There are 2 protein chains.
Amino acid sequence: MLPVVGAPAPERADAARNRVRVLEAAAALHAEGGVAALTTDAVAARAGVGKGTIYRRFTDKGGLAAALLDERGRRLQERMLTGPPPLGPGAPAADRLAAFVVAYVEHTVGSLDLVLLSETATPGGRLAKPVYPFWRRHVEVLLEEAGAPAPRTRAEALLAALAAEQLHGWTVADGRAVDALASELADVARALAR
Amino acid sequence: MLPVVGAPAPERADAARNRVRVLEAAAALHAEGGVAALTTDAVAARAGVGKGTIYRRFTDKGGLAAALLDERGRRLQERMLTGPPPLGPGAPAADRLAAFVVAYVEHTVGSLDLVLLSETATPGGRLAKPVYPFWRRHVEVLLEEAGAPAPRTRAEALLAALAAEQLHGWTVADGRAVDALASELADVARALAR
DNA sequence: GAGCGAAGCGGACTACAGTCCGGTCATGGA
DNA sequence: TCCATGACCGGACTGTAGTCCGCTTCGCTC
């Protein structure tokens, strides 16, 4: 068969089966014992798979955590792309941006331990996550629409402020209320959009 | 002798000697082989000290890296507190803030590998560094002076955008020029000050 | 359905961070 | 000077991430 140019490499049947097994095992372990239970040994044993298989499929522990978050993240992405305004299309850029910040904060805080793991398991993990370019592009486009200078830099700066580590500091260490925090951060986004 | 209330616990002579030894060994290893050479085993061996000693004194590897950066950091702190404007006192708050961002970016990029280590060795490391409250307070005060809303949140958001991980992504992964980047980030600071 | 190249697999292995606790020695008081 | 105390020390030990490479399985082709 001719390879389809640009298509993701097709996955062998055994590989696909093992990916599902690993994700199910990881989800179960996480449900039972939190992130502390998510050791690569435990996941491999529970999935009935070798450690090498996990690393081949998910690069590292952070990648596994990111994969666990995938479905939830995709739901948010859909709301951003095709949902009702102000998060979805139709509202002014600054309003969409503010709505994104609130939704992103809630999304992240809702799975804080996994997101934290996915972003801090390896240095630079946050920027290396497959979804990162999606968030960045979305924010960049909105900033550009709003007429802000240096939209790319500002987009990354804004996302850095929404890093799991920072949100963890605010909501857990400092004990701040998520709603109030999200609203202040939405304000930050508006400030950057001008 | 009566303990002095509020004073830092005095350090025993052998403890002080060992701290110096560890720092010298770490600095030498770093000079020779970069951060990769900074394993706790190697530092302990070179310092002629047990690993327990390192952990007693520096908490973890990130703390050791932070201690190595201490002197350089103190120089920047002095320039901020008593140096000439616009970094030091005397200039309008927004200008001081912009000058801080530029100086901080240069400071961080100048020792990027060590700062990265100090901030990412442990999750939440950036917020746990002893100097963090200093930077945060400085930015917060300037934002407040400039009349910005939610100065504390904005200060932390700004510092998050200046995290070593992010600066590493921009300057190394993306290959961006430090000067141009610093100036765009100074602009971000000005936007937050309004 | 047999052959074959390549992708995938697994688990022993390495390297490293951080802990633990029995022994040691600095320090201040008598 | 000598002693009691507890801070300090060191290095063996544990737990975990991530690597490596010989073996297996897949799936395409003929």
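Below, all heavy atoms of this structure are taken into account, side chains as well, without hydrogens, waters or symmetry copies. Source: prediction; values computed, not measured.
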Anything under 3.5 Å between a donor and an acceptor, one on a side chain of residues 43-55 of chain B, the other on a protein residue two or more places apart or in another chain? List them.
{"unit_1": "Arg46(B)", "atom_1": "NH1", "unit_2": "Glu32(B)", "atom_2": "OE1", "d": "3.3"}
{"unit_1": "Arg46(B)", "atom_1": "NH1", "unit_2": "Glu32(B)", "atom_2": "OE2", "d": "3.4"}
{"unit_1": "Arg46(B)", "atom_1": "NH2", "unit_2": "Glu32(B)", "atom_2": "OE2", "d": "2.9"}

For Asp14(A), give me all partners under side chain to side chain donor-acceptor pair (under 3.5 Å), at least two apart in sequence or on another chain. Arg12(A)
Of all residues at least two apart in sequence or in a different chain, which pass the salt bridge (charged side-chain N to carboxylate O under 4.0 Å, His left out) check with [X]?
| X | result |
| --- | --- |
| Arg194(A) | none |
| Glu165(A) | none |
| Arg190(A) | Asp95(A) |
| Arg17(B) | none |

For the pair Glu156(B) and Arg152(B), find out whether any cationic side-chain nitrogen is under 4.0 Å from an anionic carboxylate oxygen. yes
Which parts of residues 22-30 of chain B get close to DNA chain C, meaning a heavy atom less than 4.0 angstrom away? none
Axis deviation across the helix from dG1(C)-dC30(D) to dA30(C)-dT1(D), five-pair ends, to the nearest 10°: 10°
Figure out the CZ/C1' separation between Arg17(B) and dC25(C), and round it to whole Å. 10 Å
Residue pairs involving residues 19-29 of chain B (criterion side-chain hydrogen bond (donor to acceptor under 3.5 Å, both in side chains); sequence neighbours excluded): Glu11(B)-Arg19(B)
Protein-to-nucleotide contact annotation, 5' to 3' order, nucleotides 7-18 of chain C [B base; S sugar-phosphate only; - none; under 4.0 Å, heavy atom]: BSSBB----SBB
Can I get a per-line list of side-chain donor-acceptor pairs under 3.5 Å for residues 96-106 of chain B, giving both atom names and the distance, sequence neighbours left out?
{"unit_1": "Arg96(B)", "atom_1": "NE", "unit_2": "Leu87(B)", "atom_2": "O", "d": "3.3"}
{"unit_1": "Arg96(B)", "atom_1": "NE", "unit_2": "Gly88(B)", "atom_2": "O", "d": "2.9"}
{"unit_1": "Arg96(B)", "atom_1": "NH2", "unit_2": "Met80(B)", "atom_2": "O", "d": "2.9"}
{"unit_1": "Arg96(B)", "atom_1": "NH2", "unit_2": "Leu87(B)", "atom_2": "O", "d": "3.3"}

Please tabulate, for the side chains in residues 179-188 of chain A, all donor-acceptor contacts under 3.5 angstrom to protein atoms that are two or more places apart in sequence or on a different chain.
{"unit_1": "Glu184(A)", "atom_1": "OE1", "unit_2": "Arg176(A)", "atom_2": "NH2", "d": "3.1"}
{"unit_1": "Glu184(A)", "atom_1": "OE1", "unit_2": "Thr153(B)", "atom_2": "OG1", "d": "2.3"}

